[in-house]
Amino acid sequence: MNSDLIPSHLEEVFKNLSKLSVFCKRSWIFSTSFFFSKIGAYESKLKFSSGQRISSFGLVIKIIKYYLVVGFYFLAFLLLKFVHLLSSLRFEITNLKTVYIDSYVVLANVEKGQKILSDYFPNLLQHFESKNIQYVIIPRFYGSFSPTLYWKVFNTLDKSEENILTEFQLLGFFDFIKLFCSLLFYPFYMFYFLYFSKLGKETDQTTRFFFWSDLNGSNFFGTVRYLFGKKLAKIITPGSKLIQWNEGQPYEKCINRALRESKAEVRIYGCQLFLYPPELLNIYFDPNEIKEHLADQILVNGKFYLDHQSLFKVGASLRYAKLFSLGILPSANTKVLTLFSYFPDSNSFILELLKEIPIEENDKWALKFHPSTNVKEFENLLPEPHYITYENLYDLFPHFGLVIGSSSGSLVEAVACGLSVIVAAENGFVDYTYLPEFCKGILWDVAYDVNSFIEAKERLLRQVKSNSKERIKMIQKVRSDFFCEPTEKMIINTFELGESSKSVIN
């Protein structure tokens, strides 16, 4: 992501963490840490600013909890390995040059019958199949440790036509010993870092607070991915490619490091083909990042996200193909669609605001939650009258003229389709600013109570009624800056699948 977009109030945080990131070179164990990837840095800053602290007693409790959490993860992983052995989900390894696809796979969605990559790389597999390109999916299973659910998912994937290669197939007895030892000694590695970096003696208390907050067991997932990458490196045919969902997290950095250290001849495409706010510091290109963590090419969703680095280029917006077929809507009606966020705090404030806003007679609040949200957690906060919709965004947009939301990339999609957006922001401060500043007041505005909502709604509706050239130009600019139409030609260009890449074609 373009480092020029770092918010001014986070520049110092990013700079301090960037200086520390070079420490990862000392051991791959540090690559597994969320701290070194800057994940959650903004949330930690907010918590620290609100007066939260970690005492000496709290630190002892954190270490105890760490071992309990990773102990559970380890035992659960052993059980899932056994479940996999009982299933028949296997990939027959070949010596063909192959495109590997490293992506999250939401277990609940697979169980429901959803296509395996439809959330992250929709229609990419169909493109590969039409071109007879050999591909293998190396999934990052997400959402549960339930053996029953994994058993159902393994059987579902086994019956599908996709090639699936999991860590459960490649990791063996000695890998589990390495996993156990790595998890056991992780806190000692972090204390070693603390001593040599002298972080504990520095005046930057926010960074120190973030460091201790990270001791939560999240390193387990990066550790598994590193060990998997080491095994994968032994079977990758030289000249293969790795298409990777890339959020600057340990998942990606650890597998990349394992492949680099093993001298695997594979070209890595780090795909940031999604919308994200500037407050997520893990997304940015860090000039101090060790080269073993990096992809060969970073693909962003639109020119808005381009960095000056040569490894950045605009890629095909695979997730947003429907945006281009839908076009710009007239959005003449005043019906309201509420889009919820991945972040629970944002959702709570949206619901509090909805309860205060008067709704038109014989109407209901249309609520669409983020796929990862457990709606039951918000049952007592839901406004009346309401209905929850699970329809696709692009099927919903033509029936609404106004969108309420917060901290969600879907708001950018709404603006790009011509809908007006009101961002629910506590005290008028937007936590995650997905929407660009240049179109504020014309395409979107902020509300923090009933009065500011009514004012924002009237301003935006006046803009719609005027149908000004300025408004249309701004919508077109959002479309061109944030998205790139995923045509067949663009997909070929994105992943270099043209004449120069026949090595991956059977």
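This structure is a prediction, so every number in the text was calculated from the model and none was measured.
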Engineer: Within the structure provided, determine whether E488 and H127 are in side-chain contact (heavy-atom separation under 4.5 Å).
Structural biologist: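 Yes, close enough: below the 4.5 Å cut-off.
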Engineer: Is it true that Y42 and Y432 have ring centroids separated by less than 6.0 Å?
Structural biologist: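 When the ring centroids of Y42 and Y432 are compared, they turn out to be within the sub-6.0 Å range.
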Engineer: Under the salt bridge (Lys or Arg N to Asp or Glu O under 4.0 Å) rule, collect the residues that match up with E111, sequence neighbours excluded.
Structural biologist: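 Salt bridge (Lys or Arg N to Asp or Glu O under 4.0 Å) check on E111 returns K152.
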Engineer: Take V83 and L85 through the side chain to side chain contact (heavy atoms under 4.5 Å, CB included) test and state the conclusion after the steps.
Structural biologist: CA-CA 5 Å; V83 172; L85 287 172; over 6 Å; no
Engineer: Only one of I177, T223, L227, V224 passes side chain to side chain contact (heavy atoms under 4.5 Å, CB included) with S182; say which it is.
Structural biologist: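 For S182, the side chain to side chain contact (heavy atoms under 4.5 Å, CB included) test succeeds with only one of I177, T223, L227, V224, which is T223.
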Engineer: With a 6.0 Å cut-off on ring centres, are F482 and Y305 close enough?
Structural biologist: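 Judged by ring-centre distance (under 6.0 Å), F482 and Y305 do meet the cut-off.
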Engineer: Do Y186 and I29 have side chains that get closer than 4.5 Å, going by heavy atoms?
Structural biologist: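 The answer is yes, as the side chains (C-beta and beyond) meet within the 4.5 Å cut-off.
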Engineer: Name every donor-acceptor pair, under 3.5 Å, that has one atom in a side chain of residues 163-174 and the other anywhere in the protein, sequence neighbours excluded.
Structural biologist:
residue: N163; atom: ND2; partner: Y135; partner atom: O; Å: 3.0
residue: T166; atom: OG1; partner: F168; partner atom: N; Å: 3.2
residue: T166; atom: OG1; partner: Q169; partner atom: N; Å: 3.3
residue: Q169; atom: OE1; partner: F91; partner atom: N; Å: 3.0
residue: Q169; atom: NE2; partner: F91; partner atom: O; Å: 2.9

Engineer: Please enumerate all residues that pass side-chain contact (heavy atoms from CB on, under 4.5 Å) together with P122, with sequence neighbours excluded.
Structural biologist: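 With neighbours one apart ignored, the set is L318, R319.
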Engineer: So, do F191 and W212 have ring centers that fall under 6.0 Å from each other?
Structural biologist: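 Between W212 and F191, which both carry aromatic rings, the centre distance is below 6.0 Å.
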Engineer: Would you mind reporting whether I137 and S103 have side-chain heavy atoms less than 4.5 Å apart?
Structural biologist: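 Contact flag for S103/I137 side chains = no.
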Engineer: Return yes if some donor-acceptor pair links the side-chain N/O of T237 with the main-chain N/O of L96 below 3.5 Å, else return no.
Structural biologist: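 The answer is yes, because a donor-acceptor pair under 3.5 Å joins these two groups.
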Engineer: Who pairs with D286 by salt bridge (Lys or Arg N to Asp or Glu O under 4.0 Å), at least two apart in sequence or on another chain?
Structural biologist: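 Applying salt bridge (Lys or Arg N to Asp or Glu O under 4.0 Å) to D286 gives K38.
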Engineer: Can you tell if the side chain of I101 reaches within under 4.5 Å of the side chain of L242, non-hydrogen atoms only?
Structural biologist: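 Side-chain contact under 4.5 Å: no.
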Engineer: Is S341 reaching over with its side chain to a backbone N or O of S407, donor-acceptor style, under 3.5 angstrom?
Structural biologist: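 Yes, S341 side chain to S407 backbone: donor-acceptor pair under 3.5 Å.
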Engineer: Please check this pair: side chain of S240 against backbone of T98, looking for a donor-acceptor N/O pair closer than 3.5 Å.
Structural biologist: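 Present.
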Engineer: Distance from C24 atom SG to I290 atom CD1, nearest 0.5 Å?
Structural biologist: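 Rounded to the nearest 0.5 Å, the SG-CD1 separation comes to 5.5 Å.
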Engineer: What about the rings of F220 and F74, do their centers lie closer together than 6.0 Å?
Structural biologist: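 No - the distance between ring centres of F220 and F74 does not fall below the 6.0 Å cut-off.
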Engineer: Just wondering, are more than 12 heavy atoms of other shown residues or ligands nearer than 6.0 Å to CZ in F23?
Structural biologist: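 Result for CZ/F23: enclosed.
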Engineer: I need the R225 CZ to Q249 CD distance, nearest 0.5 Å.
Structural biologist: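 With rounding to 0.5 Å, CZ (R225) is 12.0 Å from CD (Q249).
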Engineer: Do R479's NZ or CZ and the ring of Y320 fall within the cation-pi criteria of under 6.0 Å and 45°?
Structural biologist: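 Here R479 fails the 6.0 Å and 45° test against Y320.
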Engineer: CG/N246 to CD1/I283 distance, rounded to the nearest 0.5 angstrom?
Structural biologist: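 That separation rounds to 7.5 Å.
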Engineer: Applying side-chain contact (heavy atoms from CB on, under 4.5 Å), can you list everything that pairs with K263, at least two apart in sequence or on another chain?
Structural biologist: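 Scan of K263 (side-chain contact (heavy atoms from CB on, under 4.5 Å), adjacent residues dropped) gives none.
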Engineer: Which heavy atom of M190 sits nearest to which heavy atom of D214, and what is that distance?
Structural biologist: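 Looking at all heavy atoms of both residues, the shortest contact is CE-OD2, 4.4 Å.
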Engineer: Could you tell me whether the side chain of S160 and the main chain of L157 form a donor-acceptor pair under 3.5 Å?
Structural biologist: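 Yes; at least one donor-acceptor contact below 3.5 Å.
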Engineer: Between the main-chain N or O of V375 and the side-chain N or O of T373, is there a donor-acceptor pair closer than 3.5 Å?
Structural biologist: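 Not confirmed, T373 side chain does not pair with V375 backbone.
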Engineer: Heavy-atom count check: over 12 atoms from other residues, nucleotides or ligands less than 6.0 Å from Y189 OH?
Structural biologist: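 No, not enclosed.
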Engineer: Are any of the side-chain heavy atoms of N16 and E12 separated by less than 4.5 Å?
Structural biologist: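 Touching, per the 4.5 Å side-chain cut-off.
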Engineer: So which heavy atom on W444 is nearest to which on P436, and how close?
Structural biologist: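 Nearest heavy atoms, W444 then P436: NE1-O, 2.9 Å.
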Engineer: Among F210, F193, W28, which residue meets the ring pair (Phe, Tyr, Trp, His ring centres under 6.0 Å) test with F36?
Structural biologist: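 Result: among F210, F193, W28, F193 is the only option passing the ring pair (Phe, Tyr, Trp, His ring centres under 6.0 Å) with F36.
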Engineer: Minimum heavy-atom separation for D395 and E391, please, with both atom names.
Structural biologist: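 Between these two residues, the closest heavy atoms are CB-OE1, 3.9 Å.
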Engineer: Does the ring centre of Y342 sit less than 6.0 Å away from the ring centre of H370?
Structural biologist: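 Yes: the rings meet the under 6.0 Å criterion.
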Engineer: When rounded to the nearest 0.5 angstrom, what is the spacing between OH in Y67 and CD1 in I64?
Structural biologist: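 So the gap between those two atoms works out to 11.0 Å.
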Engineer: Could you state the interatomic distance from CG (L17) to OG1 (T207), rounded to the nearest 0.5 Å?
Structural biologist: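 Rounded to the nearest 0.5 Å, the CG-OG1 separation comes to 5.0 Å.
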Engineer: Considering all heavy atoms of both residues, which atom of D158 and which atom of S88 are nearest to each other, and what is their separation?
Structural biologist: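 Reported closest heavy-atom pair: OD2-OG, 2.6 Å.
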Engineer: Determine whether a donor-acceptor pair (N or O, by modelled atom type, separation under 3.5 Å) exists between the side chain of S27 and the backbone of F30.
Structural biologist: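 Here the side-chain-to-backbone pair does not exist.
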Engineer: Could you tell me whether a side-chain N or O of S44 sits under 3.5 Å from a main-chain N or O of A41, the two making a donor and an acceptor?
Structural biologist: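 No; judged by distance alone, with no hydrogens or angles, the pair does not exist.
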Engineer: I need the single residue from Y150, F176, F180, F145 that forms a ring pair (Phe, Tyr, Trp, His ring centres under 6.0 Å) with F77. Which is it?
Structural biologist: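 The residue from Y150, F176, F180, F145 that satisfies ring pair (Phe, Tyr, Trp, His ring centres under 6.0 Å) with F77 turns out to be F176.
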Engineer: Is there a side chain to side chain contact (heavy atoms under 4.5 Å, CB included) between R260 and K291? Walk through the geometry before answering.
Structural biologist: CA-CA 9 Å; R260 303 299 193 203; K291 63 181 181 180; over 6 Å; no
Engineer: Show me the pairs that pass side-chain hydrogen bond (donor to acceptor under 3.5 Å, both in side chains) and involve residues 250-259, at least two apart or across chains.
Structural biologist: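 Sorted result for residues 250-259: S31-R257, S37-K253, R140-E252, Q244-N256, K253-E289, R257-E261.
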Engineer: Looking only at atom types and distance, does a side-chain atom of S262 sit under 3.5 Å from a main-chain N or O of A258, one as donor and one as acceptor?
Structural biologist: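 Yes, the answer is positive, given that a donor and an acceptor are paired below the 3.5 Å cut-off.
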Engineer: Quick check on F185: does its CZ atom have over 12 non-hydrogen neighbours (other residues, nucleotides or ligands) under 6.0 Å away?
Structural biologist: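 Atom CZ in F185 is not crowded, with 12 or fewer foreign heavy atoms closer than 6.0 Å.
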Engineer: Just so I know, are the side chains of Y66 and K62 near enough to count as touching, which here means a heavy-atom distance under 4.5 Å?
Structural biologist: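 No. Closest side-chain heavy atoms not under 4.5 Å.
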Engineer: If I compare all heavy atoms of L311 with all of A295, which pair ends up nearest, and what's the gap?
Structural biologist: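 Answer, listing the atom of L311 first, then A295: CD2-O, 4.5 Å.
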Engineer: Are any non-hydrogen side-chain atoms of F274 and E247 less than 4.5 angstrom apart?
Structural biologist: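 Result yes, sub-4.5 Å side-chain heavy-atom pair found.
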Engineer: Taking the six-membered ring for Trp, are F221 and Y73 closer than 6.0 Å centroid to centroid?
Structural biologist: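 Yes.
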Engineer: With a 3.5 Å distance limit and no angle check, can you tell me whether Y394 reaches the backbone of L326 through a side-chain donor-acceptor pair?
Structural biologist: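 No, because the side chain of Y394 does not come within donor-acceptor range (under 3.5 Å) of the backbone of L326.
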Engineer: Would you kindly check if the NZ (Lys) or CZ (Arg) of R267 is within the cone defined by 45 degrees around the ring axis of Y269 and under 6.0 Å from the six-membered ring centre?
Structural biologist: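 So R267 does make the cation-pi contact.
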Engineer: Before you tell me yes or no, could you show the steps for W245 and D102 under side chain to side chain contact (heavy atoms under 4.5 Å, CB included), namely the whole-Å CA-CA distance, both residues' side-chain angles and the distance that decides it to 0.1 Å?
Structural biologist: CA-CA 6 Å; W245 186 263; D102 176 13; over 6 Å; no
Engineer: Considering all heavy atoms of both residues, which atom of Y100 and which atom of I138 are nearest to each other, and what is their separation?
Structural biologist: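 What the structure gives for the nearest pair is CD2-CG2, 4.2 Å.
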Engineer: Find the distance between CD1 (I54) and NZ (K47) and round it off to the nearest 0.5 Å.
Structural biologist: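 Those atoms lie 9.0 Å apart.
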Engineer: Between V415 and Y434, does a side chain to side chain contact (heavy atoms under 4.5 Å, CB included) hold up when you go through it step by step?
Structural biologist: CA-CA 11 Å; V415 164; Y434 284 84; over 6 Å; no
Engineer: Heavy atoms, side chains only, cut-off 4.5 Å: are N301 and C484 in contact?
Structural biologist: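 They are not in side-chain contact.
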Engineer: I'd like to know if the side chain of K241 reaches the main chain of I268, judged simply by a donor and an acceptor atom lying under 3.5 Å from each other, with no hydrogens or angles considered.
Structural biologist: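 No, because the side chain of K241 does not come within donor-acceptor range (under 3.5 Å) of the backbone of I268.
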